[in-house]
Amino acid sequence: MRGSVGPRRVAINRPADQRTGLRSDSNPGDGRLLRFDRVERAAHWINALLFAILMVTALPLYFTGVEALVGRRELIVQIHTWSGIALPVPLLISLAGSWGARFRRDVRRFNVWMSEETRWLRGLGRERLPELDKFNPGQKLNAIFIGGSIAVMLGSGIVLKWFRFFPLDWRTGATFVHDVLAAAIFVVVFGHIAFAVTHRDALRSMFKGWVTESWAARHAPRWLQEEKAAGSASDSTSPEKLT
Amino acid sequence: MTPDGPGQQPLDSLPAAVSTRPVRMGRRVFLGMVALGAGGVVFGSGVQKIIGSALGSGLGGLLPGGDRFRIYTITGSFPVISREKYQLQVTGLVDRPLGLSLDDIEAMPSTKLVKNFQCVTGWRVPEVHWEGVRLSDVLDAAGVQSSAGGVEFDSYDGADTESLTLYQARLPDVIVAYRMLGAPVTTAHGGPVRLYVAPMYGYKSLKWLRSIRVVEQAEPGYWEKNGYPVDAWIGGTEESGNQSAG
C-alpha cells in the first residue's frame, strides 16, 4: 500500500490551501483533507444568507410585537417573497455543472444511510457510534431537512403569493404548512448553528475548506480511508504505473 | 438524488467491508416531507379546524399555524389614538356632515356579531366576537344624498384606504366596530374604532377608521391597488361570503 505517502499527497493535492494562503505548517506533520470545495462553501453561505433574510423578515410577518416595531408590511413581504423564490437558485447552479461534482457526491452521501446509522439516530445517539462516513447521521438529516424545507416552503409560499389561482381552503392549508414548518426550521437552524460554533474544526472547514487528517480519523474514519484509497487509486492509474 | 432504481449496481462506491445495508434514507425523508407538505396544503385547513376546536382558541392560537390573527401594518408603526381624542368624520355626499366622538358612536344602537375573520391569503380566526354600530345607521344619521353610489374610508395610519359600493356598505353585517374579542378594540387590531366587513376578506375591514366619505363612485383602496381583488366576497360570491362567514 502507499498509505505512508497518502497524507503528504493529500496535502499537496489541495491547491485550495494555497489559494487561501494558509501556511502548511499550521498542523506540523499533519495532512489536510478538503471537506468542502469552493462551490460547496459558496452554495452554503449564499443559502445561509437567504435563510437569514427569510427568518428575520418572517418575524414581523408573524409576531404582532415585532410588526408593531417594524411595520412596512408590503416592503417586508416583497423582501421575504423574492428571497424565498431565489432560494433554490444558488443550490441548483452549484449542483448543475462540472464545477458541482464534489457537491453532487456529497448529496449522494446525504442520501445513502447505513443501517447502523439509522439505528444510531433512532437511539438518539445512545447506541455506539457507527464507523462514520464523511457526514454523521445528524448532519445528513440536517442537510436533507433543509432541502425538503426549501421545497415545501417554496411550494406553500407560492400558494400564498399567487393566492388567486388556488382555492381558499388550499390557502388556509398553505398558511398552516408554512407556519408549522417555519417553526421547525427555526429549531433546526439554531441547532445547526449551536453545533457549528461548538465544533470549531468542522466550522473552519465551512470557511476554509479543509479539516486535518487527525480530525477525519476521529470523526469520519471511513471517509478518510476512502480518500486515501482514491489517492492511491489515482496513483496506480497514472501512466508511469501502467507499465 | 441517484437516478438508479433498486436492484441495480451497489450504491455509490462505498467500501464493501463496512457496508451493512445501505438505505436511500435521504430520498425517503425528502419525498416524505414534500408529500406531507402537499397533503398539508390540501387538507391542512381541516386539520387546523380539528386542532383549533380540540385546544380552544387560547392554546390553539399559541401553536404555529394556529388560529391567530396576523397583524398587518402598512406604515412604520401603529397609530395610537386615545379614546378622548378619537373622532370619526362622515363627509361627502351627505346632508349633515358629522364628527362623531367615541361616546357618540357608543350611544347609537349596537350590533353584535360572531363571525370568522378570513384573510384572502388563507389564515382565518374562527368565531370572533364583534360589537359596533351598523355602517348603514351611521350613513342614515348623516343623510346620504341620492347621487351617492359608493363609500370610501381612510385610516389614522395615513396610508390605508378602502371602499365599498353603497349597496355593500348598507349590508347588516358591515359595522363600525369598537369592541372585538370581548374587549375594546386594541391598537394592534385597529382601535379604538375600525371597520368590520363580515362577508368580505379581512383587508376590507380597515383599521384605525378616521373618515367615511360618501361619493358617486368609489375608488379602489390600498390593498386593491397592491394586487388584492376589488371583489372581496369570501369564497368569491356574495352568497358564499355570507355562508362561510356565518
Side-chain angles (χ1 to χ4, degrees), chain A residues 61-64 67-74 105 107-118 130-131 133 137 140-141 143-145 147-149 151-153 155-156 159-161 163-164 166 168-184 222 225-226 229-230, chain B residues 1-2 11-15 18-34 36-48 51 63-66 68-78 118-124 157 187-188 226-227 229 234-236 244:
Chain A
L61 297 182
Y62 193 79
F63 293 107
T64 305
E67 174 76 346
L69 293 173
V70 179
R72 295 174 185 81
R73 197 173 184 90
E74 265 305 301
R105 275 196 69 188
V107 169
R108 281 195 288 276
R109 290 178 207 272
F110 300 146
N111 186 18
V112 178
W113 291 50
M114 292 295 128
S115 50
E116 68 259 32
E117 287 181 314
T118 52
E131 277 271 281
D133 186 18
K140 290 180 180 182
L141 202 60
I144 299 159
F145 174 83
S149 296
V152 174
M153 291 307 258
S156 54
V159 176
L160 298 178
K161 165 76 182 161
F163 58 81
R164 285 161 185 259
F166 302 96
L168 184 57
D169 260 11
W170 284 31
R171 304 177 203 169
T172 306
T175 305
F176 179 71
V177 169
H178 213 75
D179 288 358
V180 172
L181 187 53
R222 254 171 47 205
Q225 282 175 18
E226 208 180 307
Chain B
M1 313 296 157
T2 48
L11 293 157
D12 301 304
S13 53
L14 294 158
V18 288
S19 78
T20 45
R21 195 169 54 85
V23 189
R24 284 199 190 79
M25 194 64 153
R27 183 196 286 180
R28 282 186 201 173
V29 174
F30 180 86
L31 293 178
M33 282 181 75
V34 170
L36 258 178
V41 169
V42 178
F43 302 112
S45 162
V47 174
Q48 193 187 350
I51 295 173
L63 294 177
R68 64 193 289 284
F69 278 93
R70 320 295 151 99
I71 301 298
Y72 292 17
T73 179
I74 58 182
T75 58
S77 61
F78 301 151
Q118 175 71 60
C119 176
V120 69
T121 60
W123 62 266
R124 76 163 67 100
D157 71 3
T187 297
N226 280 282
I234 295 168
S244 61

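Small disclaimer: the values here were computed from a predicted structure and weren't measured. Every chain is numbered from 1, with letters handed out A, B, ... down the list of sequences.
Closest non-hydrogen pair, B/T73 versus A/E67, comes out as N-OE2, 2.7 Å. In terms of heavy atoms, A/V152 sits closest to B/G37 at CG1-CA, 3.8 Å. Across every non-hydrogen atom of A/D169 and B/S45, the tightest pair is OD1-OG, 3.3 Å. The two residues B/G26 and A/I144 make their nearest non-hydrogen contact at CA-CD1, 3.3 Å. When all heavy atoms of B/P22 and A/M114 are compared, the pair lying nearest together is CB-CE, 3.6 Å.
The shortest side-chain heavy-atom distance between A/F163 and B/P229 falls under the 4.5 Å cut-off. Contact annotation: the side chain of B/W123 never approaches that of A/T172 to less than 4.5 Å [non-hydrogen atoms, C-beta and beyond]. Looking only at side-chain heavy atoms (C-beta outward), A/L168 and B/Q118 come within less than 4.5 Å of each other. Residues B/M33 and A/L181 are in side-chain contact: their nearest non-hydrogen atoms beyond the backbone lie under 4.5 Å apart.
If you take CZ on B/R70 and CZ on A/F63, they are separated by 10.0 Å, rounding to the nearest 0.5 Å.
For chain A, the nearby parts of B/T121 are the backbone and the side chain; heavy atoms of each come within less than 4.5 Å. Proximity to chain A (any heavy atom under 4.5 Å) is restricted, for B/V47, to the side chain, taken from C-beta onward. Looking at A/A174, both its backbone and its side chain come within 4.5 Å of chain B, counting heavy atoms on both sides. Looking at A/F145, the atoms closer than 4.5 Å to chain B (heavy atoms on both sides) sit in the backbone and in the side chain alike. With a 4.5 angstrom heavy-atom cutoff, A/S149 touches chain B via backbone and side-chain atoms both.
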| request: Step by step, work out the side-chain contact (heavy atoms from CB on, under 4.5 Å) result for B/M25 and A/L141. | output: CA-CA 9 Å; B/M25 194 64 153; A/L141 202 60; 5.9 Å; no

| Steps toward side-chain contact (heavy atoms from CB on, under 4.5 Å) verdict (B/R68, A/D179) | CA-CA 11 Å; B/R68 64 193 289 284; A/D179 288 358; 6.0 Å; no

| field | Verdict with supporting geometry, B/F69 and A/T64, side-chain contact (heavy atoms from CB on, under 4.5 Å) | value | CA-CA 9 Å; B/F69 278 93; A/T64 305; over 6 Å; no

| field | Chi angles and distances behind the side-chain contact (heavy atoms from CB on, under 4.5 Å) call for A/T175, B/Q48 | value | CA-CA 10 Å; A/T175 305; B/Q48 193 187 350; 6.0 Å; no

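For the set B/V120, B/L36, B/I74, B/T187, the entry with the most heavy-atom pairs within less than 4.5 Å of chain A is B/V120. For chain B, the option among A/A151, A/A68, A/A184 with the highest count of heavy-atom pairs below 4.5 Å is A/A68. Your options are A/G155, A/A183, A/G147, and the one with the most heavy-atom pairs under 4.5 Å with chain B is A/G147. Chosen from B/S77, B/G76, B/A188, B/A38, the residue pairing most often with chain A at heavy-atom distances under 4.5 Å is B/G76. Highest contact tally toward chain B, considering only A/R164, A/E74, A/R72, is held by A/R72 [criterion: heavy-atom pairs under 4.5 Å].
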